[in-house]
2 protein chains.
Amino acid sequence: MSDMNRKSTGPHRSTKQRAAIKDALVAARGFRSAQELHDELKAEGQRVGLTTVYRNLQALASAGEVDVLRTSEGEAIYRRCGTGEHHHHLVCTECGNSVEVGSEEIESWAKRVAKHHGFTPVDHTAEVFGICSGCSK
Amino acid sequence: MSDMNRKSTGPHRSTKQRAAIKDALVAARGFRSAQELHDELKAEGQRVGLTTVYRNLQALASAGEVDVLRTSEGEAIYRRCGTGEHHHHLVCTECGNSVEVGSEEIESWAKRVAKHHGFTPVDHTAEVFGICSGCSK
DNA sequence: ACGGATTTGACAATCGTTTTCAATAAGTCC
DNA sequence: GGACTTATTGAAAACGATTGTCAAATCCGT
């Protein structure tokens with residue numbers, strides 16, 4: 001396997017916009033869409049073009065620095081996670097906060113199911129949605 | 001099973017287009033996007049407007065008669081499943097064929113993870129994507 | 001600071017999906 | 001069957017998220 005798409009493939013130059021976007025994602029502590037992030041940046045006085053936000057999120061995603069999920073409406077949402085390891089999420093449907101959960105159990109389930117039906121496993125999704133303790137009061 | 005347990009019993013008139021769409025989905029035996037279905041219908045000589053395909057898939061989905069997933073690109077794909085019971089899927093990313101897989105394992109994992117972090121579980125997703133034996137040749 | 005490659009950002013373009021609305025066709029009543 | 005009411009259809013326009021374009025701005029090694 002070549003490693004052309006590995007994490008090493010990433011931005012070459014550091015710009016204020018890129019830093020601002022990363023910071024905003026970190027500060028968010030949850031999943032955010034490109035537009036939400038753009039709004040938050042604008043709100044705090046940063047002027048970053050929407051196109052730039054999209055491009056950088058894309059770059060961060062393919063560099064494996066952020067996780068991407070799709071809302072049920074098909075919108076892409078991004079999150080800066082604490083680990084680069086493969087993991088899943090427990091997401092609060094009220095406030096968007098989320099917990100990273102590792103899961104050997106899911107990995108082996110996915111592989112087992114695929115193999116059992118003659119599929120070559122490529123990927124899998126597994127996220128739990130619920131209401132966190134803070135929001136359920 | 002009768003059809004008295006449909007959801008919101010709205011006006012329902014049977015049309016050729018609706019029947020054609022349902023049939024095409026059944027014949028597909030896997031996940032299809034609205035456009036793919038539209039193409040397949042056109043290919044077999046049926047003339048059904050793309051708008052109508054979208055509308056009917058939407059209606060079927062909210063009636064719980066078909067399952068909806070999102071591809072990693074955010075496109076909605078629909079499948080007529082054999083069971084109304086809760087289940088997950090093993091989907092071929094090449095041809096869309098899929099297998100319905102029930103999984104106590106996933107259910108208990110979801111509940112356990114939620115509880116462990118003080119969340120009230122609401123829902124969860126868990127699908128495996130891969131390449132089926134037919135497509136991997 | 002210079003100069004060339006990278007990145008930005010306003011705008012246009014694209015793609016999937018929804019809305020609009022006039023025309024069509026189902027179901028009903030006679 | 002024929003008239004009538006109204007859900008449904010479909011072509012085109014509208015829409016929202018995302019990507020492509022390209023000149024101008026910016027970064028960085030020299």
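In what follows, every chain begins at residue 1, and chains take the letters A, B, ... in the order their sequences are listed. Treat the numbers as computed from the prediction; the structure is a model and nothing was measured.
A salt bridge links Glu105(B) with Arg112(A); the closest basic N to acidic carboxylate O contact falls under 4.0 Å. Residues Lys22(B) and Glu65(B) are paired through a salt bridge, judged by an N-O separation under 4.0 Å between the basic side chain and the carboxylate.
As rounded to whole Å, 9 Å separates atom P of dT17(C) from atom CG of Leu50(B). Atom CZ in Arg18(A) sits about 10 Å away from atom P in dC28(D), given to the nearest Å. A straight line from CG of Asn56(B) to C1' of dT9(D) spans 9 Å, rounded to a whole angstrom. Nucleotide dA17(D) holds its P atom 10 Å from the CG atom of Asp39(A), rounded to whole Å. Distance, His12(A) NE2 to dT6(C) P: 8 Å, rounded to whole Å. In this entry the distance linking OH of Tyr54(B) with P of dT9(D) reads 16 Å, nearest Å. Rounded to whole Å, the distance from NZ on Lys22(B) to P on dT8(D) is 12 Å. Spacing between atom NZ of Lys16(A) and atom P of dG9(C) amounts to 11 Å, rounded to whole angstrom units.
With DNA chain C read from its 5' end, the first of the two nearest nucleotides for Tyr78(B) and Gln17(B) is the one closest to Tyr78(B). Comparing Gly49(A) and Ser33(B), the nucleotide of DNA chain C nearest to each residue sits closer to the 5' end for Gly49(A).
With hydrogens and angles ignored, a donor-acceptor pair closer than 3.5 Å exists between the side chain of Arg13(B) and the base of dT6(D).
If you check every strand for non-hydrogen atoms under 4.0 Å, Thr15(B) touches sugar and phosphate atoms only. Nucleic acid contact class of Arg55(B) (heavy atoms, under 4.0 Å, all strands): base. Within the 4.0 angstrom heavy-atom criterion, only backbone atoms of the sugar-phosphate kind lie near Gln58(B); the bases stay farther away.
In this structure, the nucleotide among dC11(C), dA17(D), dT8(D) sitting nearest to the side chain of Thr51(A) is dC11(C). For Gln35(B), the side-chain atoms get nearest to dT17(C) when compared with the rest of dT7(C), dT17(C), dT9(D). Set against dT19(D), dG27(C), dT7(C), the side chain of Ser14(B) has dG27(C) as its closest nucleotide.
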Given Glu40(A) and Arg32(A), is the salt bridge (Lys or Arg N to Asp or Glu O under 4.0 Å) satisfied, shown in steps?
CA-CA 10 Å; Glu40(A) 289 174 15; Arg32(A) 290 293 189 291; 2.8 Å; yes

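Here the closest non-hydrogen pair linking Ile77(B) and Phe31(B) is O-CD2, 3.7 Å.
The aromatic rings of His88(A) and His124(A) sit tilted relative to each other, their planes meeting at an angle between 30° and 60°.
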